[in-house]
Amino acid sequence: MGKSRTKRFKRPQFSPTGDCQAEAAGAANGTEGEEDDGPAAELLEKLQHPSAEVRECACAGLARLVQQRPALPGLARRDAVRRLGPLLLDPSLAVRETAAGALSECSGRAVSIFNKEGCLEIVLKYLSRFPTNVDLAISVAYCLQTVTEDNPELLKSFSAPALHVLESAMLSPVSSMEYILLKTLVAGTIWNLKDIIPSKSQAEIINAILKILSDVLDVDAGETVIRMHEAEKQRLEAAAETEDVLESTSRGSLMEDDEMEEIPHKRKVRRKTFISDLLPPTDKELRETIALLTAQQTALEIVVNMCCSEDPSDDEWEELSSSDESDAFMENSFSECGGQLLSPLCLSHEVHTAFTNYLIPKKIFEKTAFPNSTAVDICFRSPTWKSLVRKMNTIQCRALVCLQSLVSLLDVDHLGGPAALQTLAQHLSQLLFAQPDFAKHVDFLEAISSALRALLQTMASKNISQCMTPNQLMTLCTAGIHSSNTGVRVNVVSILGITGSVLAKEDGTLETLKTIGCFLLEVATKDPSLVVAGEALDALFDVFADGKEAERASVQIKLLSALKEFQPVFKMKIRKEGRGKYSPDQLCVLDNVKMNLRRFVAYQETVEKRLTT
C-alpha cells in the first residue's frame with residue numbers, strides 16, 4: 001500500500017498513558033452509539049480537581065471525547081470550551097499543554113473568533129513580556145503554536161512588528177530550561193508561519209529554527225533529571241539545617257527570657273516560626289526539568305512536521321468512489337505514480353541542509369535509546385517526580401517517529417551508508433526485544449514498528465541485508481497483530497511483506513514463506529479493519545509476486561483459492577463499510593488494493609496452471 005507515512009503532530013500533542021489513557025478510552029467508549037452526557041459531565045467536573053494529574057487526565061479524556069459525534073451536543077450544553085479555557089493558565093505545565101490540545105480538538109469556532117476579534121495583538125502583547133514573566137509567555141506560546149497551524153486566515157494578520165516579537169523571544173540569550181521551552185515553542189510557531197516569510201529570509205529563519213531544535217536535543221535528559229533531583233535534595237536539606245539552627249537559637253533566647261523574668265504559672269506558648277513558613281513553596285528543580293523534557297518532545301514533533309507533506313484534502317478525493325467505475329481511473333493513477341498514490345515525504349533544500357549541518361539525524365538516533373535507568377529509578381522513588389517517567393518514554397516514542405521520517409526521506413549516504421543502516425536495524429531490534437512485555441506498551445510499539453517498517457523498506461530497496469531473524473520477525477508480528485492499535489497491525493503486516501519479498505528471492509526459504517503466507521492470509525480475511533486487511537493483501541502481493549520458492553509456497557498454501565473466495569467479500573466490504581468508516585485517502589488506497597487483487601489472482605492462475613501441469 002505504498003511507502004510508510006508518518007503522522008503530523010497537531011500541537012499541543014499528548015499521548016495519554018496509564019490512568020489518563022484509561023480515562024480517555026473510557027470517555028470514548030461511553031458515547032459509542034448513543035448520546036450520553038454522563039462522560040462529559042464527569043470529565044468537566046474533574047477539571048476543577050485539586051490534583052494536577054487528574055486535571056490533565058480530564059483534558060485528555062475531553063480531547064478524545066469530542067472526536068465522538070454523539071458527545072458534541074452534551075459538551076456544547078455544558079459549555080465545555082468556556083470551562084477548558086482557564087486551564088490554559090493552570091499552574092501545571094502538563095495541564096496547560098493538554099488543555100490547549102483539547103481546545104484544538106473542541107472548537108473550530110474558537111479559532112474563527114480568535115481570527116476575527118483581533119486576539120493575535122493581545123496575545124503578542126503578553127508574549128512580549130517574556131523577560132519579566134516567562135511562565136505567562138510560555139502559556140501564550142502554546143496558544144500561538146496551536147492557533148497558527150493550518151490557519152491561513154490568521155497568517156495574513158502577522159505584520160513585521162508581530163514577527164519581530166516572535167524573533168526576539170526565539171533569539172533570547174537566556175538559557176534556563178524554561179526559556180529553552182519558550183524558544184522551542186516560538187520556533188514551532190515561526191515554522192507554521194514559513195509561508196509568509198520572504199523567500200530571501202527563508203534560509204536564515206530555517207537555520208535559526210534548526211539551531212534551537214539542535215541545542216534542545218543536545219541536552220541529556222536523563223543526566224538532567226539526576227542532577228536536578230540532587231539539586232532539589234541539597235536545597236531542601238540546606239533549608240532544613242537552617243530551620244534547625246533558627247529553632248535552636250529561638251529556643252535559647254526563650255530560655256534566657258524565662259530566666260530573667262518571672263513567668264506567670266499560665267503563660268501563652270509561643271508558636272515556633274520556621275524559615276519554611278517565611279518562604280513561598282517552590283519546586284523549581286522539578287518545574288525546570290519538566291520544561292526541558294517538554295521542550296525536547298516539542299522539538300521532535302516539530303522535526304516530524306517539517307518532514308511531512310500535507311495530507312490530501314477531502315476535496316481531492318471527493319470524486320473517487322468505491323465502485324467498479326473507479327477502477328480505470330485508479331489503474332491509470334497507479335501506473336502514472338509508479339504504484340505510489342500517496343504524497344511522498346519531502347524536504348526543501350534549506351531544511352535538508354540545516355538537518356545535515358546541525359547533525360539532527362544523529363541527535364534523534366540518540367534520543368531513541370531507552371530512558372536513563374538511574375533517572376527512571378530516581379523518579380519512581382519520588383511521588384512528585386514520578387510523572388517524568390512518562391515524559392521520558394514519550395520523548396523516546398517521538399524520536400522513533402522522527403527516525404521513521406528521516407529514513408523515509410534521506411538518501412542512504414546521508415544516513416551513514418549501508419553499514420549504518422544495519423547498525424540501526426540491530427539497535428531497533430535490541431530496543432524491541434529487550435522488553436519482554438513490549439506488546440503492552442502501545443505507543444512504544446506503534447512508534448518502533450513504524451521506524452522498523454521504514455528502515456526495512458529502505459534496506460530492501462537498496463539490497464542491504466536484513467538483520468531480523470525469522471523467529472524475531474514472527475514474534476513481533478504475532479504480538480503486534482493482536483494489538484488494539486490499527487497502526488501497529490498495519491506496520492507488522494507491512495514488515496512481514498517487506499521481509500517476505502526479500503526471502504522470496506533466496507533459496508531454501510520455502511517453509512518460512514509458507515508461514516508468512518498463512519499469517520498474512522489469516523489477517524487479510526479476518527481482521528476487522530479494512531485498512532489492515534488491505535495492507536495484508538498488499539504484503540501478499542509483494543511476497544508472492546516473484547521467485548521459484550514463492551511460487552511453490554503459494555501453491556502449497558492454496559493461495560489462489562483462498563484469494564478467489566475472499567475477492568468478492570473484500571469488494572463488498574469496501575462498498576458497504578467504506579464511506580461510513582474510512583477517510584477519502586484510505587478509500588483511495590483500498591480501491592488500489594482491490595484493483596491489484598484482481599491482477600494478482602490472474603497472475604496466480606498462470607502460476608498454478610504452470611506448476612500443476
Side-chain angles (χ1 to χ4, degrees), residues 4-29 53 56-57 59-61 63-64 67 94 97-98 101-102 105 221-222 290 293-294 296-305 308 364-365 367-372 375-376 379-380 386-405 407 427-455 476-477 479-492 494-495 529 531-532:
S4 62
R5 309 178 72 207
T6 55
K7 57 187 176 185
R8 295 179 71 239
F9 287 106
K10 304 289 284 185
R11 290 294 309 149
Q13 181 75 14
F14 57 91
S15 293
T17 56
D19 294 339
C20 281
Q21 190 174 52
E23 189 87 63
N29 293 336
E53 187 170 359
E56 181 190 355
C57 290
C59 291
R64 195 67 63 89
Q67 298 173 41
E97 178 184 0
T98 314
E105 301 289 354
I290 290 174
L293 295 177
T294 306
Q296 292 195 336
Q297 177 182 333
T298 303
L300 291 166
E301 290 168 358
I302 294 170
V303 171
V304 172
N305 289 349
C308 287
I364 287 171
F365 176 84
K367 288 286 179 279
T368 64
F370 285 124
N372 184 305
V376 170
C379 292
F380 270 129
K386 189 175 180 180
S387 63
L388 270 59
V389 175
R390 189 175 68 185
K391 281 279 187 187
M392 289 187 278
N393 287 332
T394 298
I395 288 170
Q396 182 191 26
C397 290
R398 294 292 188 266
L400 287 166
V401 174
C402 277
L403 187 63
Q404 175 203 351
S405 298
V407 167
H427 167 71
L428 294 180
S429 297
Q430 182 182 5
L431 280 181
L432 183 66
F433 296 108
Q435 290 199 56
D437 58 346
F438 66 84
K440 296 179 182 177
H441 305 285
V442 178
D443 289 343
F444 170 75
L445 184 55
E446 181 179 17
I448 196 167
S449 61
S450 296
L452 268 171
R453 175 186 180 179
L455 179 60
L476 167 61
C477 293
I481 206 61
H482 293 105
S483 172
S484 60
N485 185 295
T486 301
V488 171
R489 304 204 304 277
V490 166
N491 286 337
V492 297
S494 179
I495 288 171
S529 167
V531 172
V532 179

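If you're wondering where the values come from, they're calculated on a predicted model, not measured in any experiment.
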Stepwise side-chain contact (heavy atoms from CB on, under 4.5 Å) test for Gln297 and Thr294: CA-CA 5 Å; Gln297 177 182 333; Thr294 306; 5.6 Å; no
Test side-chain contact (heavy atoms from CB on, under 4.5 Å) applied to Val389 and Phe380, step by step: CA-CA 8 Å; Val389 175; Phe380 270 129; 3.9 Å; yes
Under the side-chain contact (heavy atoms from CB on, under 4.5 Å) test, residues paired with [X] that sit two or more places apart:
X      : result
Ala221 : Leu293, Gln296
Ser387 : none
Ala479 : Phe438, Ala439

Gap separating the [atom1] atom of [X] from the [atom2] atom of [Y], nearest 0.5 angstrom:
X      : Y      : atom1 : atom2 : answer
Leu431 : Ile448 : CG    : CD1   : 4.5 Å
Arg390 : Ile395 : CZ    : CD1   : 12.5 Å
Cys397 : Asp443 : SG    : CG    : 5.5 Å
Gln396 : Thr368 : CD    : OG1   : 7.0 Å
His482 : Arg489 : NE2   : CZ    : 10.0 Å
Ser483 : Leu445 : OG    : CG    : 6.0 Å

Verdict with supporting geometry, Leu428 and Leu403, side-chain contact (heavy atoms from CB on, under 4.5 Å): CA-CA 11 Å; Leu428 294 180; Leu403 187 63; 4.0 Å; yes
Ignoring hydrogens and geometry, is there a side-chain-to-backbone donor-acceptor pair from [X] to [Y] under 3.5 Å?
X      : Y      : result
Arg453 : Ser494 : no
Asn485 : Val488 : yes
Gln404 : Ala454 : no

Val492, Leu432, Asn491 screened by side chain to side chain contact (heavy atoms under 4.5 Å, CB included) with Leu452, the one that passes: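 With Leu452 as partner, side chain to side chain contact (heavy atoms under 4.5 Å, CB included) holds for just one option, Leu432.
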Among Leu300, Val304, Thr298, the one residue meeting side chain to side chain contact (heavy atoms under 4.5 Å, CB included) with Ile302: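 Testing Ile302 for a side chain to side chain contact (heavy atoms under 4.5 Å, CB included) against Leu300, Val304, Thr298 leaves exactly one candidate, Thr298.
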Min side-chain heavy-atom separation Cys402-Glu301 under 4.5 Å: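 Side-chain contact under 4.5 Å: no.
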Within-4.5 Å side-chain heavy-atom neighbours: Ser450 and Leu400: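 No, their side chains stay 4.5 Å or more apart.
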Smallest separation among heavy atoms of Gly487 and Glu446, with atom names: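 Gly487 and Glu446 have their closest heavy atoms at CA-OE2, 4.1 Å.
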